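I have placed the structure first, in the form of structure tokens, so that the comments after it can refer back to it.
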Amino acid sequence: MTNLNLDELLKQREEATGAEKGMVPFDYQGKTFTFRDPILLDDDALDELSELEDGPDIAEFYMGAEQYDQFLEVGGTSNLFFMVFTQYMNESRDEVGGNPTRGNRSSRRAARRRKR
């Protein structure tokens, strides 16, 4: 097996998800906001995140204080943030990692045989 190229994997992730420099864009109320890609957080950021308990604090952590305040000003809430965050995580998993629920070839062949 050859070595995996992490630089190439990160580039593929950026292309597949639309995240640039670790920031994920999303639109709300005619404005574009960004949040940090959770997969690309460094260890210090993960430590900081692990100490947060409240939804608004976590949303602010991902968006940054200034941007989160702007998001709130146009009617955003931490719940709305988590809606887009969850959507991003689901889509990025599908784009980058494939569909984990799809059966392998042999199980698909067995299913076809059962149908006959």
Side-chain angles (χ1 to χ4, degrees):
M1 178 177 198
T2 60
N3 288 351
L4 294 173
N5 184 329
L6 184 55
D7 293 322
E8 186 61 33
L9 290 173
L10 291 172
K11 182 179 176 188
Q12 288 171 2
R13 178 175 179 77
E14 185 175 292
E15 290 172 1
T17 63
E20 292 185 21
K21 298 181 182 173
M23 299 302 289
V24 180
F26 72 98
D27 296 327
Y28 181 66
Q29 298 293 339
K31 295 185 180 244
T32 299
F33 299 96
T34 60
F35 63 90
R36 299 157 92 175
D37 185 333
I39 299 298
L40 302 178
L41 296 176
D42 63 23
D43 290 342
D44 290 337
L46 288 172
D47 286 343
E48 182 181 341
L49 179 61
S50 71
E51 296 175 5
L52 301 176
E53 295 179 13
D54 296 328
D57 293 337
I58 295 169
E60 183 178 303
F61 166 84
Y62 277 108
M63 292 183 72
E66 183 178 321
Q67 202 167 168
Y68 185 62
D69 286 343
Q70 292 172 3
F71 181 64
L72 294 176
E73 286 174 12
V74 297
T77 65
S78 61
N79 285 337
L80 291 176
F81 167 76
F82 284 112
M83 182 191 299
V84 76
F85 182 85
T86 301
Q87 181 70 25
Y88 170 74
M89 292 302 292
N90 290 338
E91 288 179 8
S92 67
R93 181 177 41 248
D94 290 345
E95 288 290 328
V96 177
N99 186 350
T101 60
R102 185 173 181 209
N104 65 30
R105 260 178 68 192
S106 62
S107 65
R108 291 192 310 265
R109 280 195 305 259
R112 280 195 303 266
R113 281 194 300 268
R114 283 191 297 266
K115 284 183 179 180
R116 292 184 204 166

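In this chain, numbering begins with 1 at the start of the sequence shown. Excluded from the calculations below are hydrogen atoms, water molecules and symmetry mates; all remaining heavy atoms, backbone and side chain alike, are included. Everything numeric in this text was worked out from a predicted model, so none of it was measured.
Hydrophobic clustering (ILVMFWY, side-chain heavy atoms < 4.5 Å, transitive): Leu46 and Met23 are in distinct clusters.
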Under the side-chain contact (heavy atoms from CB on, under 4.5 Å) rule, what do Met63 and Phe85 come out as? Steps first, then yes or no, please. CA-CA 11 Å; Met63 292 183 72; Phe85 182 85; over 6 Å; no
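The 12-atom threshold is exceeded at CD of Glu8, counting heavy atoms of other residues, nucleotides or ligands nearer than 6.0 Å. Counting non-hydrogen atoms of other residues, nucleotides and ligands closer than 6.0 Å to CD of Glu20 gives a total of 12 or fewer. When the shell of 6.0 Å around CD of Gln29 is examined, it contains more than 12 heavy atoms from other residues, nucleotides or ligands.
Note that CG of Asp47 and CD of Glu51 are 7.0 Å apart. Values are rounded to the nearest 0.5 Å. We find the NZ-CG distance between Lys11 and Asn5 to be 10.0 Å, quoted to the nearest 0.5 Å.
Across Ser78 and Ala59, no two heavy atoms sit closer than the pair CB-CB, 4.1 Å. Between Gly75 and Leu80 the shortest heavy-atom distance is O-CD1, 3.8 Å.
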Tabulate below the donor-acceptor pairs under 3.5 Å that side-chain atoms of residues 33-44 make, not counting sequence neighbours, or state none.
unit_1, atom_1, unit_2, atom_2, d
Thr34, OG1, Gln67, OE1, 3.4
Thr34, OG1, Gln67, NE2, 3.1
Arg36, NH1, Phe61, O, 3.4
Asp37, OD1, Arg13, NH2, 3.1
Asp37, OD1, Ile39, N, 3.0
Asp37, OD2, Arg13, NE, 3.0
Asp37, OD2, Arg13, NH2, 3.3
Asp37, OD2, Tyr88, OH, 2.7
Asp42, OD1, Asp44, N, 3.2
Asp42, OD1, Ala45, N, 2.7

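Ring geometry, Phe81 versus Phe71: the interplanar angle exceeds 60°, so the pair is classed perpendicular (tilted spans 30 to 60°).
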